Amino acid sequence: MKSIRGRLGKAADEVVSYSASIAYDRRLYHYDIAGSIAHARMLARQKIIAAKEVQAIVGGLKEIGAEIERGDFPFKPEMEDIHMNIESRLAEKIGEAAGKLHTARSRNDQVALDLRIFIKDIIRQTVGRIRKMQAALLDLAGDNRRVVMAGYTHLQPAQPVLFAHHLLAYFEMLERDAGRFEDAYRRADVMPLGSGALAGVPYPVDRQSVADELGFGRISANSLDAVADRDFVIEFQAAASICMMHLSRLAEELVLWSSAEFDFIEIDAAYTTGSSLMPQKKNPDTAELARGKTGRVYGNLMAILTVMKGLPLAYNRDMQEDKEGLFDTADTLLATLGIMADTLGSLKVKAKNTGRAVARGYMLATDLADYLVKKGEPFRKAHDIVSRLVGYAVVKGKTFDRLTLAEYRRFSRRFDKDVYSVNVASALTARDVPGGTAPKQVAKALASAKRKLGKASRQGQKGGAV
Ligand code: ARG
């Protein structure tokens with residue numbers, strides 16, 4: 001089979017290599033073959049080509065699939081992409097009949113089909129990994145359900161929280177991520193074949209049966225849109241960017257917490273490295289890389305948005321640039337979810353240190369203000385009193401529990417002996433609102449997160465939409 005240049009004559013080598021996408025789109029081979037088999041079978045059912053020819057086509061395509069898997073498929077850059085490589089190999093194998101496979105099809109609807117199947121597949125894997133990561137968070141939270149830590153705003157010690165409560169915040173982020181991917185899945189789940197190059201095909205095709213065979217929810221409604229649309233790539237990239245942003249924030253916390261200054265956690269040696277120079281170091285490399293790799297995922301989103309923004313309808317060759325970034329994002333996201341879940345699984349929490357941090361930071365200041373409010377002081381005034389009290393305690397180098405009652409009463413006569421019952425435990429217990437850090441509420445939240453996750457995994461196993 002000749003290369004597709006046809007009337008254009010032979011292309012210069014540099015043009016061949018500039019145009020070729022085979023180096024990376026070969027990874028679509030499995031989807032391309034599945035799509036071609038479904039298309040060919042439909043052509044036979046509709047009597048557009050003979051059943052015998054379709055038999056040869058399907059047999060040949062399966063052999064080609066096996067060749068690629070074995071690693072002895074002769075990829076040719078002059079055949080440009082995976083679609084042409086497979087079709088030309090089919091011609092070598094079965095002769096004339098191969099030329100009939102592309103009846104009622106264009107590479108424009110073919111590549112859209114392949115990419116959609118690819119993305120559906122990747123989304124299923126992504127959601128699976130998000131669920132695993134959520135399970136790792138719940139395990140860690142469950143194992144450390146009584147551990148208290150400093151909660152921060154502006155990275156300044158703010159109020160005591162349960163460590164489990166902090167972890168459950170990430171559970172919620174990942175829950176929204178899973179929802180975004182499931183939502184993107186529904187819009188990717190549209191079968192474009194039958195759109196041809198742009199205007200539809202002049203054959204009595206049965207589009208719905210192809211969609212059914214390939215497991216698509218519906219067929220596309222407009223042929224121009226079907227070949228020109230890459231929203232599903234962009235949505236995946238966008239959902240991936242948000243998910244990576246969450247993973248990156250968690251990674252940043254792991255980096256901070258494992259520093260000598262915080263010393264809240266120990267990351268297993270499997271996920272850290274030593275320094276080639278400084279023997280004392282244990283660097284949190286996987287967490288740093290998770291944070292760093294977020295950059296390339298954002299970059300891939302920007303790239304595809306920019307590729308698409310100026311394109312007139314319908315297909316334009318620019319769109320070939322949709323793939324490398326997509327593959328890179330898919331690989332990066334799946335790997336990062338996996339490694340972060342494993343890192344969490346290996347984490348040791350240093351409860352003594354997280355507790356010490358709570359004692360150090362005057363973190364009960366809000367609770368002392370609330371104490372005064374309960375005694376009748378308006379909150380603003382109570383806030384003012386306690387902030388002067390903190391100033392005094394800092395100068396004296398004393399924590400709240402070391403101040404004498406006389407010292408307290410210099411700031412407000414409302415302070416009484418029961419001020420000493422304001423402590424970390426009372427601060428936690430007091431925040432007894434749904435979504436708050438009171439141990440009772442956190443236990444409820446943990447149980448409810450476990451139920452949600454159990455339900456989601458059961459749906460996944462039953463082969464729900466995603
Ligand atoms: N390699 C192309 C891509 O990835 C396939 C579609 C080519 N279509 C065309 N009319 N040249 O977009």
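Please read all numbers here as calculations on a predicted model, not as lab measurements. We count ligands from 1, going down the list as the structure has it; atoms in each ligand are counted the same way.
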| message | Does any N or O of ligand 1 fall below 3.5 Å from an N or O anywhere on Y315, backbone included? | response | yes
| query | Taking both backbone and side-chain atoms of D25, is any N or O found less than 3.5 Å from an N or O belonging to ligand 1? | reply | no
| note | ligand 1 to S21, heavy atom cutoff 4.0 Å, flagged ligand atoms 1 (N)
| task | Using distance alone, decide if ligand 1 has a nitrogen or oxygen within less than 3.5 Å of any nitrogen or oxygen in H83. | result | no
| remark: When L198, D109, N108, L224 are each screened for side-chain contact (heavy atoms from CB on, under 4.5 Å) with Y315, the one that passes is N108
| Sole residue of R230, R317, R116 in salt bridge (Lys or Arg N to Asp or Glu O under 4.0 Å) with D322 | R230
| Heavy-atom pair with the smallest gap, counting every atom of A164 and V442 | CB-CG1, 3.9 Å
| Judging by distance only, is a nitrogen or oxygen of Q320 under 3.5 angstrom from one on ligand 1? | yes
| request: Could you list which atoms of ligand 1 come closer than 4.0 Å to a heavy atom of K323? | output: 3 (C), 4 (O), 12 (O)
| Short N-O contact, E175 and K455, less than 4.0 angstrom | no
| Taking only heavy atoms of D81, which atoms of ligand 1 are found under 4.0 Å from at least one of them? | 1 (N), 2 (C), 5 (C)
| said: Within the structure, is a non-hydrogen atom of E80 found at a distance of less than 4.0 Å from ligand 1? | reply: no
| field | Which atom of Y298 lies closest to which atom of S241, heavy atoms considered | value | CE1-O, 3.4 Å
| Salt bridge between R187 and D229, side-chain N to carboxylate O under 4.0 Å? | no
